Protein chains: 2
Amino acid sequence: MSRPLTARQQTVYDFIVKTMAEFGYPPTRAEIARALGFRSPNAAEEHLRALDRKGVIRMIPGTSRGIRLPAGETESEVTAETRSEDADAGLPIVGNVAAGSPILAAEHIDRYCPMPADYFTPKADYLLRVRGLSMKDAGILDGDLLAVHRTQDVRDGQIVVARIEDDVTVKRFQRHGSHVTLVAENPDFAPIEIDLENEHLEIEGLGVGVIRGGGSGLQ
Amino acid sequence: MSRPLTARQQTVYDFIVKTMAEFGYPPTRAEIARALGFRSPNAAEEHLRALDRKGVIRMIPGTSRGIRLPAGETESEVTAETRSEDADAGLPIVGNVAAGSPILAAEHIDRYCPMPADYFTPKADYLLRVRGLSMKDAGILDGDLLAVHRTQDVRDGQIVVARIEDDVTVKRFQRHGSHVTLVAENPDFAPIEIDLENEHLEIEGLGVGVIRGGGSGLQ
DNA sequence: GCAATGACTGGATACAATCCCAGGCTGTAT
DNA sequence: ATACAGCCTGGGATTGTATCCAGTCATTGC
């Protein structure tokens, strides 16, 4: 999707990550400029804009130190090429699935969870970071990792990862003939009704487990 | 150590932790004031000084958002590097703790979960199989594994493993002087009130994560 | 009774920080 | 040749933020 970072942009990004790991808060433009030898904070500003355009950071307008790392990872010395092929890296963690792109595309994988795939049954293929509280009564909260087994073969009552018109969602599956209902486990959310003859529904996989607390602790 | 936090100071501390977990950077005085309903940022400033004196935060003078959590409660301080200390066996899974026996006694350990202890922060020492639905609104269901960090040092609002008169339970912790309330996250369960001067309460550890689905799949 | 402390309001000030504008210099693609 | 993007200097307006000062009110220990 977005072009890779230039060498200079990577340097700026690395400095942001290092600062957050060391101090617990992001740097200012002036601090970036000082660290990298710029004489003007505007040089840092422009780099930040570029990093924001490319999606590796997010800028919060008007806010001091308003820099966020969407992946939430502040590991040391992360170069964007740290995504080696799985082997024993564990399960890939997938977050923020953009509309229209395959769920396991490399740019969505922000880190790995060092856990064997076959701890779950059926085995997990990846972990999906869940957003929102639509499944809270099923014990799946915002930010949780849902262990997903890739399959199209799902049954009534199971928790599935579905894609409706390029939108990825986690819901409970219910089918009557050619009509599918995706039920949220939260009274605040209405069920999603899909007529398979008119609308397109793709089943990405089956929820086989939940992991909470990797890095952030419990609330 | 220093004196415990007052209720108000605890509220401010909680807000700082929550903000850092959610946004990746600490709040300003004004943001604290707005969130807690102060009309003056000075109220927040004085609370921050008190928290700094008591050692639970550290203020960096002259720096916007210059608040640090020395202990490392933020997601920023994760070094998800797999320390190969006991990464072989994984975390022991503890279930059905009998009354009167230590929680990590060998006869309770029925199996191991092949997951590195330091995937969670602070690190998990064991996994406790939770029975009942008393914490269902916190997303902890019957049969879930609660990752537990062994410590006595717990704060208001945290999910703890406690032992009252030989009974092990998972609840949210709340303290007022010598009076402790263990709050269930389920309206069907009444809070447990403990007067530390008459009853015995032992904190076994702090809940740092949840794992669901090992072996059985999701319901 | 009195000092000390916690928890604020309200106002003020000086610096920190974001963000805009106007350039310049280097490549690389058209 | 020309256009364009990346990378940087320098300056400046505007807002964000930390920090101080002067009080009020209530509680607690002495």
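Letters A, B, ... mirror the listed sequences (proteins, then strands); counts begin at 1. Predicted, not measured: the structure shown is a model, and the values here were computed from it.
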Closest heavy-atom contact between [X] and [Y]?
X	Y	result
A/A50	A/Q9	CB-NE2, 3.4 Å
A/V56	A/Y13	O-CE1, 3.7 Å
B/P191	B/T181	CB-CG2, 3.8 Å

If I take atom [atom1] in residue [X] and atom [atom2] in nucleotide [N], what distance separates them, rounded to the nearest angstrom?
X	N	atom1	atom2	result
B/I32	C/dA7	CD1	C1'	15 Å
A/F38	D/dG6	CZ	P	14 Å
A/Q10	D/dC7	CD	C1'	17 Å
B/E46	C/dT9	CD	C1'	10 Å
B/L48	C/dG6	CG	P	14 Å
A/R39	D/dG11	CZ	P	11 Å
B/Y13	C/dG6	OH	C1'	20 Å
B/R49	C/dA7	CZ	C1'	15 Å

Inset, instruction - Look at the side-chain N and O atoms of B/R8 and state whether any lies under 4.0 Å from the OP1 or OP2 oxygen of D/dT27. - result: no
Inset, instruction - Output yes when at least one side-chain N/O atom of B/H47 is less than 4.0 Å from OP1 or OP2 of C/dG6, else no. - result: no
Legend entry - Listed partners of A/A44 passing side chain to side chain contact (heavy atoms under 4.5 Å, CB included), at least two apart: A/R29, A/I32, A/F38
Legend entry - Residues forming a side chain to side chain contact (heavy atoms under 4.5 Å, CB included) with A/S40, sequence neighbours excluded: A/N42
What's the closest nucleotide to the [X] side chain, out of [options]?
X	options	result
A/Q9	D/dT9, D/dC7, C/dG6	D/dC7
B/R53	C/dC20, D/dT9, C/dG6	C/dG6
A/T6	D/dT9, D/dG6, C/dC20	D/dG6

Inset, instruction - Would you mind telling me which residue lines up with the more 5' stretch of DNA chain C, B/S40 or B/A7, judged by nearest nucleotide? - result: B/A7
Inset, instruction - Can you measure from CZ (B/R68) to CE (B/M59) and round to the nearest 0.5 angstrom? - result: 14.0 Å
Inset, instruction - Report the distance from atom CD1 of A/I192 to atom OG of A/S134, rounding to the nearest 0.5 Å. - result: 8.0 Å
Inset, instruction - State whether the distance check finds a donor on one side and an acceptor on the other, under 3.5 Å, for side chain B/N42 versus base C/dT9. - result: yes
Using the 3.5 Å cut-off, write out each protein N or O paired with an N or O of nucleotides 14-18 of chain D and the distance between them.
unit_1, atom_1, unit_2, atom_2, d
D/dT17, OP1, A/S64, N, 3.1
D/dT17, OP1, A/S64, OG, 2.9
D/dT17, OP1, B/R65, NH2, 2.7
D/dA18, OP1, B/R29, NH1, 3.4
D/dA18, OP1, B/R65, N, 2.8
D/dA18, OP2, B/R29, N, 2.9
D/dA18, O3', B/G62, N, 3.4

